[in-house]
Amino acid sequence: MNKPLMKEMHTFGEQETCNQSSPSKKPTPPKPQNAITIAVSSRALFNMDREQDIYEQQGMEDYLKYQIQHEIEPFAPGPAFPFIKAVEAVNTRLRELYPDSEELFDVVLMTSNHAHVGLRLINSINHYQLFIERFCMTGGNSLIGYLKAYHANLYLSADSLKVREAIEEGIAAATVFSPGKITEVPETQLRVAFDGDAVLFSDESERIYKAHGLDKFFEHEKAHENKPLDHGPLKGFLEALGKLQQKFYAKGQRLDCPIRTYLVTARSAASSGTRALKTLRSWGLETDEALFLAGAPKGPMLEKIRPHIFFDDQMFHVEGAAELGTVAAHVPYGIAQKVQSKTARDVKKDIL
């Protein structure tokens, strides 16, 4: 069975050992209704390729036995690990500025794993000194009800089937892929890059392009440039990031804000960029940077940005970004999904 993409990040975070000094008192997790909740699967957070192979080739009982036998060995970091570390760095800054506020990120480990695997996951989280206090281990049952109960603002998983299920239920979600090479990313500034159509925006314009071609697309966008696009699946997550940015701006820290957002779109600036920017403005949202690539590959530009994660609805953009070192996440939403071929990961159920 093919792995998501390229190789896993075996060396990221090796300097993060449990020998580092830890704070005397951990902060209290915020209430879910007040927090920006990021649900992350065990295999998005950690590299569990070896364990997944055992499950697929030898079955559940050997898989559980292996996990118990190796439960004191921490997992290597997975593709979402740098993103979660950067999220925690933002929380540290927020707590310094607003000690009594619960408007923080709250990370929940959300996995279909059996509870027997819990000890190894806890040991791994403690090894890297991650602040993840909330676990949800469903033993193979659907995660949807739990994602809704936690008011999840974003769900990251290595399993495309679970992500599709979440998207269909109106939950912002993406399948995370590992990059083809390790890229150093900032430790103190969270960088999040978004595609526009079918990610932040609806797929209305993309449907015109797929059905009628580029010229009709340009005509449509010009005729409707003052009509905001409908929202896409990740609009709410950008909105949540924007609210946290405003908390830093209110303290005079716009230039030193630990969150930076990017719009990275294949749209052309002059021909179709106006509608995208006016849509964001109509929502009261903005991105720190907007890159209109006019159909050029996104990977080289993302290589310069070095985001912790990049969201796109089309797999060839995800693959192109991953090949050049970006942690890319596929959002299975919109018309593009009907023309993309099924991958091997869609065929076989993944327990992780």
Side-chain angles (χ1 to χ4, degrees), residues 2-14 16 38-49 75-90 105 107 109-110 128 130 132 153-160 162-163 172-195 199-200 233-234 237-238 241 258-264 287 289 291 297-332 343 345 350 352:
N2 295 331
K3 300 301 175 191
L5 279 180
M6 322 308 169
K7 60 186 178 181
E8 296 286 354
M9 299 180 293
H10 293 288
T11 60
F12 184 94
E14 286 180 356
E16 314 266 359
I38 297 173
V40 60
S41 76
S42 54
R43 208 158 78 88
L45 183 60
F46 297 118
N47 180 347
M48 299 176 69
D49 281 356
F75 294 110
F81 187 94
F83 173 73
I84 297 302
K85 289 292 289 184
V87 159
E88 294 193 344
V90 173
F105 289 109
V107 179
L109 188 68
M110 190 79 64
Y128 295 110
L130 298 173
I132 302 178
N153 297 88
L154 179 67
Y155 170 49
L156 299 176
S157 175
D159 184 346
S160 61
K162 292 185 178 69
V163 167
T175 308
V176 187
F177 294 91
S178 297
K181 62 180 182 180
I182 298 169
T183 299
E184 184 178 347
V185 290
E187 294 182 357
T188 57
Q189 184 181 61
L190 173 65
R191 297 181 181 177
V192 184
F194 300 88
D195 179 30
V199 175
L200 292 178
L234 265 69
F237 185 58
L238 175 62
L241 293 176
I259 302 171
R260 193 163 185 84
T261 56
Y262 305 79
L263 173 65
V264 182
T287 57
E289 299 187 29
L291 293 85
K298 297 181 180 181
M301 193 62 68
L302 290 163
E303 188 177 20
K304 300 299 182 184
I305 293 172
R306 295 185 299 135
H308 292 89
I309 196 165
F310 165 60
F311 297 99
D312 203 290
D313 67 304
Q314 302 196 50
M315 277 303 302
F316 69 90
H317 287 311
V318 171
E319 291 169 351
E323 287 173 3
L324 294 181
T326 296
V327 175
H330 179 235
V331 181
T343 65
R345 292 187 60 77
D350 185 343
L352 306 177

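What you see below is based on every heavy atom in this structure, not just the backbone, and it leaves out hydrogens, waters and symmetry mates. Keep in mind that this is a model prediction, so the values were computed, not measured.
- Distance check: Leu200 CG to Asp313 CG gives 10.5 Å after rounding to the nearest 0.5 Å.
- Rounding to the nearest 0.5 angstrom, the gap separating the CD atom in Gln189 from the CZ atom in Arg306 is 9.5 Å.
- Phe194 places a side-chain heavy atom less than 4.5 Å from the side chain of Leu238.
- Distance check: Thr287 OG1 to Leu241 CG gives 11.5 Å after rounding to the nearest 0.5 Å.
- The nearest pair of heavy atoms linking Val327 to Pro79 is CG1-O, 3.4 Å.
- For the pair Phe310/Val318, no side-chain contact is recorded, criterion being any heavy-atom separation below 4.5 Å from C-beta on.
- The CD atom of Glu323 sits 10.5 Å away from the NZ atom of Lys181 when rounded to the nearest 0.5 Å.
- Looking at Arg191, its side chain does come within 3.5 Å of a backbone N or O of Ile305 through a donor-acceptor pair.
- The shortest side-chain heavy-atom distance between Thr175 and Lys162 does not fall under the 4.5 Å cut-off.
- Two residues are said to be in side-chain contact when any heavy atoms from C-beta on lie closer than 4.5 Å; Leu109 and Val40 meet this criterion.
- Aromatic ring orientation, Phe237 versus Phe311: perpendicular (interplanar angle above 60°, classes split at 30° and 60°).
- Here the CE-CG distance, from Met301 to Leu324, works out to 12.0 Å after rounding to the nearest 0.5 Å.
- Among all heavy-atom pairs drawn from Pro307 and Val185, the shortest one is O-CG1, 3.8 Å.
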query: Going through the checks in order, is the side-chain contact (heavy atoms from CB on, under 4.5 Å) test met by Leu302 and Tyr262?
result: CA-CA 10 Å; Leu302 290 163; Tyr262 305 79; over 6 Å; no

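- Residue Ala173 comes nearest to Pro332 through the heavy atom pair O-CD, 4.3 Å, listed as atom of the first residue, atom of the second, then distance.
- At distances below 3.5 Å, at least one donor-acceptor pair connects side-chain atoms of Ser157 with backbone N or O atoms of Asp159.
- Between Thr188 and Pro258 the shortest side-chain heavy-atom distance does not fall below 4.5 Å.
- Side-chain contact between Thr326 and Thr183 is absent, with no heavy atoms from C-beta onward closer than 4.5 Å.
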field: Leu156 and Phe83: CA distance, side-chain angles, deciding distance, side-chain contact (heavy atoms from CB on, under 4.5 Å) verdict
entry: CA-CA 11 Å; Leu156 299 176; Phe83 173 73; 3.8 Å; yes

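- The minimum heavy-atom distance between His330 and Gln314, with the atom names listed, is CD2-N, 4.1 Å.
- At least one donor-acceptor pair under 3.5 Å links the side chain of His308 to the backbone N or O of Pro186.
- To the nearest 0.5 Å, atoms CG (Leu45) and CD1 (Ile38) are separated by 11.5 Å.
- Minimum interatomic distance between Val331 and Ala174 (heavy atoms only, all atoms of both residues): CG2-CB, 4.1 Å.
- Minimum interatomic distance between Pro300 and Pro297 (heavy atoms only, all atoms of both residues): CD-O, 3.7 Å.
- At least one side-chain heavy atom of Asp195 sits less than 4.5 Å from a side-chain heavy atom of Lys298.
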